[in-house]
Amino acid sequence: MSRIPLKFSKFGFAYPSSKKRVVQNIDLEIGENERVLLLGASGSGKSTLALAASGLIPHYVNGFMDGDVEIFGTSTTSTQYGEIVRKVGIMFQDPEISFATLRVRHEVAFALENFGVPQYEIDQRVMNALRFVELDDKADTPLEFLSGGEKQRVELAALIAQSPSFMVMDEPSSMLDPVATLKLFKLIAQLESQSMLIIEHKLDELINFVDRVVILGNNGSIIADGKPSDVFNSYFDDIEAQGVWMPRTVAIAKILEKYGLVRFDQLPLEVGGLVRQVEESQIFDQIDLKDISMAYQPKKGSLSPLFTLDEVSYVYSNGFEALKDVNLEIPEGKTITIVGKNGAGKTTLIDILAGLKKPTTGQVLFDGKIISEMSDDELYSRIGYVFQNPEHQFLRFTVWDELAYSLKMQGFSDEVVHNRVSEMLTLLRLNGMESRNPFTLSQGEKRRLSLGSMLILEQDVLILDEPTYGQDRHSALGLLQLATKFRRKSATMLVVTHDIDLAFEEADEIVVMHKGGVIWNGTPEQLLKHQDIMKLAGLTVPVAARISIELSKRYEGFPMLYNLKMWRKFAHLVKEKLAQSKRT
Amino acid sequence: MPNFTIGMRLNGGRNNTMKLIGYLDRKSWLHEVNPLVKSVGMIMLITAAVISHKFLTPIMLIVFAFAILTSASIPISPILHFYKLVVFFSIGLILANFMFTRPVSDEITLIFKFGPIMATAEGLARGVRIVLRMLAILSVTSIFVLTTDPMDFLKVFAQLLHLQPRVAYPMLIGLRILPIFESELERVRLAQKVRRVRYKTFFHKLVLLSVPLLASAIRRAERISLAMAAKGLDTAKLRSKKRTKYSPEDRIFLFLSISFTFFLLVYTFCSPCP
């Protein structure tokens, strides 16, 4: 048996539904005990590679395959799956879908039972694995009682118990809140001597755990491969052009370089590295940062609230109290992100704000009127709601009709409908797809279409439920920016997300939820001062803010910059100031 | 009536948990009994309840069921809850039997007569007997329902019928997916409400709601089958927790239900007994 866990040679794959290759010309070798991080934009074929690396392609997925995949020296096509499955383990995004049983202990034992491992050995391996993921006290708990993070840790335990020689992980953290993500990554990092291929886009948290980064381009072939720091230093432009989410440290370092403030010998992958290089450049020693900080005074809020929630509770028919005594005012014309753990009540809150659910007790005012007394027509000509799963909203059989639907409902003339739809197609980058069936679009296109069908009516309120669902951060941020840019100017935007970097990227205000209650709301800057609240809600400090905090220890008056937009503005201001002082 | 609802989760797997068809998830000797043994015992007891026309049979069965459940420290409150559902129905049943039964024999005890209504003591007794029998069957069934993990039950049956894991597991998973499906239907309905859909006919509604559901169901089924395969399902022979032979719990349960059924039958055909 060869000691090389995985080797792709000229691998390519096309699904039966289209002849186009999703991935092509893949040559990739993963060495023993090597941890390889695979990056790529949404739809670049990462999951296809994961399936091929675990032998599910070609054994369980139909399609056209080129080249060869070898696992420990034997080709997957000529090996029975029963043999492959004993060497390779794979972990998927959604534990809900992977579970085969109802209880923690049984779930971890499932694969071992299938392999026919003797019972006494199963018990031992299960308990060891559960101890490793710190769930040994929950061995007999039904899976449904676990939090999202715990469910994914059960899956990790199941993988550990299998003790495969090679592991594949396909975005294991995509359903988790920031704290649960960190915990999962920490456990993965502690795994001993494991060769693995891991697909993730939460780079900042993971980049130090991996030995190598491989980047998959949009055309489905590898565009960069090497040590993490080398890859980002040598291929920065290519990677950025492909729409891959950058580590925030790299993105911020690039901003500082672009404005000519700091020259980096080595693009930093850690906050510490970035701060050190900035300090060495002595750039901020030369200027007074206090003036610049003045530019970051928060804007005055609007006076009238658009939504007022008064003692709102919501109880499901089975007795689960999803919202408890929520009092909240939502100001007009701002972007508000709603954050919190899974099951904290975020979706229930926006459902109630959109008048989709009637509060069990308490009342909701929308623009001064009691929301439950408003008709659907009145309400939904003013409120747009983009659901998590875009398919849920599709009603028509072509992209064009899908966009035109609401306009026609509203009674616009054919000419207006025609103009607006063509305009919207351009904005959404869906030109040329007018006659396609919405269900056949790619995930990103579906999301843009469902956003477009809401933007097109130019409503006063736009609600987005979890833009990261089914796509990576970069595409999710793109969707958010699209919404911010093309909504009506005075429109209020409400965004639910568990991705903290995303939440800080566009928010004017943040609402923090925990166990059915709104435990805090205010500006992002204020939230960063409340560590206790962030911890309770499973939030971590975004990398951009962590860099600011570190630098403010060194430089008095360094402003709190918690997203890239602010860093860009800051770099611009510093550059101007330097130019000014040079002149005088 | 939360205890009788099929479903584990609503609203996309949030923490609001419901009981699965009344199943009480805990440890007891009854939980350890093989579901197959349990169902055989149950069928015997129910047969006895159906055959026997004696007044005391259902009462004895109810006491037996309560005793067995109590021995395993299973609360009987859920059964009382099921009873409540039956009560309303029962009153009607008793009244109907009381007042409208045409006696088969000539010996009748007329209580009162009003037009076509003829209320007899025999009718009343018959009504009460039917209701008691219903309650008895309900109580006996509860032993099974409250203490049997539905997944376990399906597994044992699949084993009995020699179903391939490839066929059997999707059945088990179907059970788990059903509630997710239900909550997804709710999301689709809400999404269509936002788009102000007006369903023209029932058929129109059915099509509009089922297209998105079907699309995601197919995708989910594919992903689940991959996840199962990745855990070596196909390499496995279907097994359920070490239950190849009769466990002590199985024997106790079998002994109790056989002997009690035997007792009831003897009692039923014993003419001098009340």
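Reminder, nothing fancy here: chain letters follow the sequence lines and each chain counts from 1.
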Electrostatic pair A/E96-B/R220, nearest N-O below 4.0 angstrom: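 Salt bridge between A/E96 and B/R220, a charged N being under 4.0 Å from a carboxylate O: no.
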Is B/K231 salt-bridged to A/E113, cutoff N-O under 4.0 Å?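 Answer for the salt bridge query: no.
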Please classify the contact of [X] with chain B as side chain, backbone, both or neither, using a heavy-atom distance under 4.5 Å.
| X | answer |
| --- | --- |
| A/E83 | neither |
| A/Y385 | both |
| A/N389 | side chain |
| A/I84 | neither |
| A/L56 | side chain |
| A/D170 | neither |
| A/M91 | neither |
| A/L159 | neither |

Do A/D376 side-chain atoms and B/V194 backbone N/O form a donor-acceptor pair below 3.5 Å?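 No: the side chain of A/D376 does not pair with the backbone of B/V194.
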Taking the side chain as C-beta and beyond, is there a heavy-atom pair between [X] and [Y] under 4.5 Å?
| X | Y | result |
| --- | --- | --- |
| A/E391 | B/R219 | yes |
| A/M409 | B/R198 | yes |
| B/Q192 | A/Q393 | no |
| A/F394 | B/V211 | no |
| A/I97 | B/M228 | no |
| B/R187 | A/D351 | yes |
| A/Y405 | B/R195 | yes |

Minimal non-hydrogen separation, B/A227 against A/S98, with atom names: CB-CA, 3.8 Å
Which heavy atom of B/A230 sits nearest a heavy atom of A/I90, and at what distance?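 Smallest heavy-atom distance, with atoms named: CB-CG2, 3.4 Å.
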Best-contacting candidate, [options], against chain B by heavy atom pairs under 4.5 angstrom:
| options | value |
| --- | --- |
| A/G384, A/A158, A/S453 | A/S453 |
| A/S450, A/G148, A/S381 | A/S381 |
| A/Q162, A/E402, A/M454 | A/E402 |

Taking atom [atom1] of [X] as the centre, does the number of heavy atoms from other residues, nucleotides or ligands within less than 6.0 Å exceed 12?
| X | atom1 | value |
| --- | --- | --- |
| A/F397 | CZ | no |
| A/Q80 | CD | no |
| B/Y199 | OH | yes |

For B/E186, give me all partners under salt bridge (Lys or Arg N to Asp or Glu O under 4.0 Å), at least two apart in sequence or on another chain. B/R189
Which residues share a salt bridge (Lys or Arg N to Asp or Glu O under 4.0 Å) with A/R382, sequence neighbours left out: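 Listed in chain order: A/D367, A/D460.
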Would you please go through residues 200-208 of chain B and name the residues with a non-hydrogen atom below 4.5 Å from one of chain A, in numerical order?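 So the qualifying residues are B/L208.
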Does a side chain donor of either A/Q410 or B/R196 reach within less than 3.5 Å of an acceptor in the other side chain?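 Looking only at side-chain atoms, B/R196 and A/Q410 do form a donor-acceptor pair, the distance falling under 3.5 Å.
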Can you name the side chain to side chain donor-acceptor pair (under 3.5 Å) partners of B/S28, sequence neighbours left out? B/H31
How long is the straight-line distance from CG of B/L190 back to NZ of A/K357, given to the nearest 0.5 Å?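 So the NZ of A/K357 and the CG of B/L190 are separated by 6.0 Å.
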Atom CZ of A/F439 and atom CG of B/L214: how far apart are they, to the nearest 0.5 Å? 9.5 Å
